[in-house]
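In what follows, a single structure is set out as structure tokens and then discussed.
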Amino acid sequence: MSADAAAAALDVARFDARQNARHEDLAGDERGPAELGEWGRIAQLLADAPPGTVYDPETDDVVRAELAADAAAAAAREAELREAMRIAARADELQAVRELGTLDQAEPRIGDEAVRDELTRRAGGYVQADVDAWLARALAAHLGHYRDQAAREEAVGLLTPPVLAHAALLAELVRLVPGTDIGQLAFAARLATTEPEATAALAAHLTHARPEVH
């Protein structure tokens, strides 16, 4: 596109903008001002260039940046869609395991914190006590992906205070009484659910308790 063609296109865009301004239903349309601004930019680009310069969008840094941004946004949307599908499939899997009564036998995987949120959403926002207890026990016993310390540290920002308090109390009780069956500590879940802050404080206190104190 030559400088003259760009100037002509700019004049057309200006005319369209004036016409649209007269119509209330078109006055708020953002496409017109955006088109006018783009033609103005191209016309100015050619006006500043040496005579005879032809505009080529493939060499326009602004256009190339916009295309790159669009591609990145599309890739991000695709990644979000894939993650949403993964979460939904895992939620279906855990729901099936729950119905079989074997949730305690499953090991948590990376991303199950988001799956917990999905199951809660499906339940209308109600806390899924069995799922929370499963995650707390796994976190306390370092099962599944919680074998990795980085995953345990990341869980602090992904799980709710009651789940974290439950896991912390379980870990300390098992440490103080070696050989304790976590399944016998159901009271810890009730404490964490009703008083998460107090439960977390108790777990922190037990952390400093002497090993021989039971």
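We use all heavy atoms of the structure for the numbers below, so side chains are in, but hydrogens, waters and symmetry mates are not.
- Using a distance-only test at 3.5 Å, with no hydrogens or angles considered, no donor-acceptor pair links the side chain of Trp39 to the main chain of Arg14.
- Side-chain atoms of Leu159 and His166, non-hydrogen and from C-beta on, never get closer than 4.5 Å to each other.
- Look at Glu118 and Arg86 and you find no salt bridge, because none of the NZ, NE, NH1 or NH2 atoms lies under 4.0 Å from a carboxylate O.
- Side-chain contact between Thr199 and Leu202: absent, with no pair of heavy atoms (C-beta onward) separated by less than 4.5 Å.
- A donor and an acceptor atom, one from each side chain of Arg98 and Gln128, are located under 3.5 Å apart.
- Enclosure of atom CD in Gln95 by more than 12 non-hydrogen atoms of other residues, nucleotides or ligands within 6.0 angstrom is indicated.
- Here the side chains of Asp117 and Leu158 are not in contact, with every heavy-atom distance at 4.5 Å or above.
- Leu81 is listed as a side-chain neighbour of Met85, based on a closest heavy-atom distance under 4.5 Å.
- Looking at Arg137, its side chain never comes within 3.5 Å of a backbone N or O of Ala167 through a donor-acceptor pair.
- Between Glu113 and Arg116, no side-chain nitrogen of the basic residue sits less than 4.0 Å from a carboxylate oxygen of the acidic one, so the salt-bridge criterion is not met.
- Within 6.0 Å of atom CD in Glu107, more than 12 heavy atoms from other residues, nucleotides or ligands are found, so the atom counts as buried in its surroundings.
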Glu93 vs Arg90, salt bridge (Lys or Arg N to Asp or Glu O under 4.0 Å): CA-CA, chis, key distance, verdict: CA-CA 5 Å; Glu93 178 184 342; Arg90 177 61 169 164; 3.0 Å; yes
